[in-house]
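Report on one structure; see the data block that follows.
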Amino acid sequence: MKLRFAPSPTGFLHVGGARTAIFNLLHARRHGGTMLLRIEDTDVERSRQHHAEQILQSLQWLGVEWDEGPIYQSDRLHRYRERAEELVSNGKAYRCYCTVEELDAERTATEAKGDMYRYSGRCRRRAEDGHPQHDDAPHVIRCKVHPGPIEFHDLIRGDMQFAGELIDDFVLIRSDGNPTYHLSVVVDDVDMEITHVARGDDHLSNTPKHIVLFRAFDAREPVFAHLPLILGSDRKRLSKRTGATSAEEYRDLGIVPEALFNFLTLLGWNPGGDREMIPPDEAAEIFDLSDVNKAPAVFDPEKLLWMNGQYLMRMTADEIYPHLAPFLPGDTNLAELRSAIELNKARGRTLKEIAAQLEPYLVDDGAIHYDEEAAKKHLKGDDLAPRMSDLYDALEKTEPFDVTATEEALRALAESKGVSAAKLIHPLRLALTGRGASPGIFDVMVVLGKDRTLTRLRLLIDRLSRGSGTPGETPPT
RNA sequence: GGCGCAUUCGUCUAGGGGUCCAGGACGCCGCCCUCUCACGGCGGUAACACGGGUUCGAAUCCCGUAUGCGCUACCA
């Protein structure tokens, strides 16, 4: 068994393409088959080498591996021409000298009458009447399509039937000598012995053409599986209008590849048992293309975000750090951030959000700016400054400086002063993080360490006694 | 226009004649946990497109209708 993912390098890796790649990979792994990567760059107008490289990178980032390739179709142009000539010589294809202008005029005229346009077949008749086939005059090569039903079985859609009389004699070789998609895809699938073709739904109507070609080449037809499209919230093909469309954009948003892989795996397929989280290797044990849904699915970024959060909180700091580093300012290192990441990894849904949570652990003590609203709420009362001074003294004496000891010290102080622990905790949180919300305050102190904790607390006390603790409010006397 | 495909909570989905006055997940709402915010726990909100059949019985099978999407290129 051999499957392939065959993107055309006309842009970034689209999430729809990414899912197609994932489904191909999973099916191959499930059945012990091979995965081939092929770059379909026969459209010289739109294909770009840097797009091909980008797609390869995105696939690697996502964790989609391939066993063979990448193979570039642009390296095989001679092969497509060779096979097309074969079809011309055995009468299954012919040269067509009609110009684009002539065809466009015919099409416009037919459509103006409200009829369906079909190629007139003029050059086909000429060829069949024995007119000479000059290969020096500009021409394309067209494949003959005969009337009658064309049938095939689709793993997802079931039995399909198309009427041959409705399909034009399609172009195989363009007038510039380059092959069209239809030719190159079939020649390659034959040469590379592809057994299963899983691709987007948008190719379903192209499949009868490909069947015609497989038969013309007298080759065994692969099994087809047409995957339903991924839609945007507008229920149209996912586009920029409704959000990010490329794997790369999701990476830049702070999505971890494992989460995107998992999310895409579940778009149109499910592992049963109401399971949401499933790693690739487990999916590969049970995945089958024939279990894929027929209906298109809307891409829901909210759920992706949730899933990303699930992955972040389950990953270790060491696993997160490489993905996180690009979102952190300046140069940081894992060793100094490990405990801070552990403490904050469940507190954001994206790497970006985690990075923001990490800010208090990265900046200088003097750079902690108090959130205005939180300051207004927690930095008040005449006795605050002396109370925080007492806390300072208590913490200074605390040894070891761990979660248990610091908590005991703070609560003991609160009790002796007859105030709730919260009256100490909230101002302390402001002092240490500048924020109204943070992880458990004792964890924060420990991660920050005794020195930084005391320095930041001292800064708060100084500020309170200078009377500038509460912006916009009357300073305590 | 023609051809093709699809249609279960807002979204992803389970369901393949009775166990479904439809289950899970995201989102949303409420409660709990609690030093705050997350996390977590508990509960709630919300769907079988419509109309005909077939059948003792249909979300499940058949036929229409509607809607949506895709294709209809010397793009893939």
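Each chain gets a letter, A, B and so on, in the order the sequences are listed, and its residues count up from 1.
At C35(B), none of the side-chain N or O atoms of Ser438(A) fall inside 4.0 Å of OP1 or OP2 (strictly under the cut-off). Phosphate proximity of G24(B) to Arg275(A): absent, as no side-chain N or O sits under 4.0 Å from OP1 or OP2. A sub-4.0 Å separation between OP1 or OP2 of A76(B) and a side-chain N or O of Arg199(A) is absent. Contact between the side-chain N/O atoms of Arg237(A) and the OP1/OP2 oxygens of C71(B) is found at a separation under 4.0 Å.
Here the side chains of Arg76(A) and Ile71(A) are in contact, with some heavy-atom distance below 4.5 Å.
Relative to the side chain of Arg429(A), the nucleotides A76(B), U36(B), C74(B) differ in distance, and U36(B) lies closest. Of the candidates G40(B), C3(B), C35(B), the closest approach to any side-chain atom of Met313(A) belongs to G40(B). With C35(B), A76(B), G2(B) as the candidates, the nucleotide lying closest to the side chain of Glu40(A) is A76(B). Minimum atom distance to the side chain of Ile441(A) is reached by C35(B), of the listed C26(B), C35(B), A76(B). The listed nucleotides are G24(B), C26(B), C3(B); the one nearest the side chain of Trp306(A) is C26(B). Out of A76(B), G70(B), G27(B), the shortest distance to the side chain of Arg349(A) is found at G27(B). Of the candidate nucleotides G2(B), C39(B), U36(B), C39(B) has the atom lying nearest to any side-chain atom of Gln310(A).
For the ring pair (Phe, Tyr, Trp, His ring centres under 6.0 Å) with His210(A), the lone residue among Phe224(A), Phe152(A), Tyr181(A) that qualifies is Tyr181(A). Here the options are Ser339(A), Pro360(A), Pro439(A), the test is side-chain contact (heavy atoms from CB on, under 4.5 Å), and the partner is Val447(A); only Ser339(A) passes.
Applying the Watson-Crick and G-U wobble criteria (two distances, each under 3.5 Å), A73(B) pairs with nothing in any strand. The base-pairing partner of C42(B), taking Watson-Crick or G-U wobble contacts with both distances under 3.5 Å, is G30(B). In this structure, C50(B) and G64(B) make a Watson-Crick or G-U wobble pair, each of the two defining distances being under 3.5 angstrom. The nucleotide A58(B) finds no pairing partner, because no Watson-Crick or G-U wobble arrangement with both distances shorter than 3.5 Å includes it. The partner of A25(B) is U11(B), judged by Watson-Crick or G-U wobble contacts that both fall below 3.5 Å.
Side-chain contact of Gln49(A) with Glu53(A): a donor-acceptor pair under 3.5 Å is present, judged by distance alone. Side-chain N/O atoms of Tyr80(A) and Asn178(A) include no donor and acceptor closer than 3.5 Å. For the residue pair Tyr94(A) and Asp169(A), a side-chain donor N or O sits within less than 3.5 Å of a side-chain acceptor on the partner. With no hydrogens or angles considered, a side-chain donor-acceptor pair links Thr207(A) and Arg199(A) at under 3.5 Å.
In this structure, CD1 of Ile341(A) is placed 17 Å from C1' of A38(B), rounded to the nearest angstrom. Here the P atom of nucleotide C71(B) and the NE2 atom of His210(A) are 13 Å apart, to the nearest Å. Rounded to whole Å, the distance from CD1 on Ile150(A) to P on G4(B) is 13 Å. Here the P atom of nucleotide C3(B) and the CG atom of Asn206(A) are 18 Å apart, to the nearest Å. Between the CG atom of Asp169(A) and the P atom of C74(B) there is a distance of 12 Å, given to the nearest Å. The distance from atom CD of Gln357(A) to atom P of U36(B) is 16 Å, rounded to the nearest whole Å.
Comparing G18(B) with U60(B), their P atoms sit 12 Å apart, to the nearest whole Å. Nucleotides C61(B) and C28(B) are separated by 35 Å at their P atoms, to the nearest Å. Comparing the same atom, P, in C74(B) and in U67(B) gives a spacing of 31 Å after rounding to whole Å. Using atom C1' as the reference point in both U8(B) and C48(B), the two lie 4 Å apart (nearest Å). Of the P atoms belonging to U19(B) and G64(B), the separation is 29 Å, rounded to the nearest Å. To the nearest whole angstrom, the two P atoms, one in G24(B) and one in C9(B), are 16 Å apart. Here the separation of C33(B) from C39(B), taken at their C1' atoms, is 11 Å to the nearest Å. Spacing between G30(B) and A14(B) at atom P, rounded to whole Å, works out to 31 Å.
Sorted by first and then second residue, the side-chain hydrogen bond (donor to acceptor under 3.5 Å, both in side chains) pairs with a member in residues 261-273 of chain A read Asn262(A)-Tyr311(A); sequence neighbours excluded.
The side chain to side chain donor-acceptor pair (under 3.5 Å) search around His426(A) returns none, not counting sequence neighbours. The side-chain contact (heavy atoms from CB on, under 4.5 Å) test applied to Glu82(A) returns Arg79(A), not counting sequence neighbours.
Using a 4.0 Å cut-off between charged nitrogen and carboxylate oxygen, Arg429(A) and Asp371(A) do not count as a salt-bridge pair. A salt bridge does not link Glu40(A) to Arg4(A): none of the charged side-chain nitrogens sits closer than 4.0 Å to a carboxylate oxygen. Taking the charged nitrogens against the carboxylate oxygens, Glu258(A) and Arg314(A) have no contact shorter than 4.0 Å, which rules out a salt bridge.
Checking His139(A) against Glu302(A), the closest nucleotide of RNA chain B that is more toward the 5' end is the one next to Glu302(A). Of the two residues near RNA chain B, Asp274(A) and Gly440(A), the one whose nearest nucleotide lies more 5' is Asp274(A).
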Indicate for each nucleotide in nucleotides 58-63 of chain B, in 5' to 3' sequence, whether protein heavy atoms under 4.0 Å reach the base (B), only the sugar-phosphate (S), or nothing (-). ------
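Remark: the backbone N or O of Phe170(A) is not paired with any side-chain donor or acceptor of Asp168(A) at under 3.5 angstrom.
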Return the polar atom pairs (N/O with N/O) between nucleotides 9-13 of chain B and the protein under 3.5 Å, or none.
from, atom 1, to, atom 2, distance (Å)
C12(B), OP1, Val298(A), N, 2.9
C12(B), O2', Leu266(A), O, 3.4
U13(B), OP1, Gly268(A), N, 2.6
U13(B), O3', Asn270(A), ND2, 3.3

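Listed by residue number, the members of residues 151-162 of chain A with any heavy atom below 4.0 angstrom from RNA chain B are Arg157(A), Met160(A), Phe162(A).
Using the six-membered ring where Trp is involved, Phe287(A) and Phe23(A) have ring planes that are tilted, between 30° and 60° apart.
On a pure distance criterion of 3.5 Å, a polar donor-acceptor pair joins the side chain of Ser175(A) and the base of C74(B).
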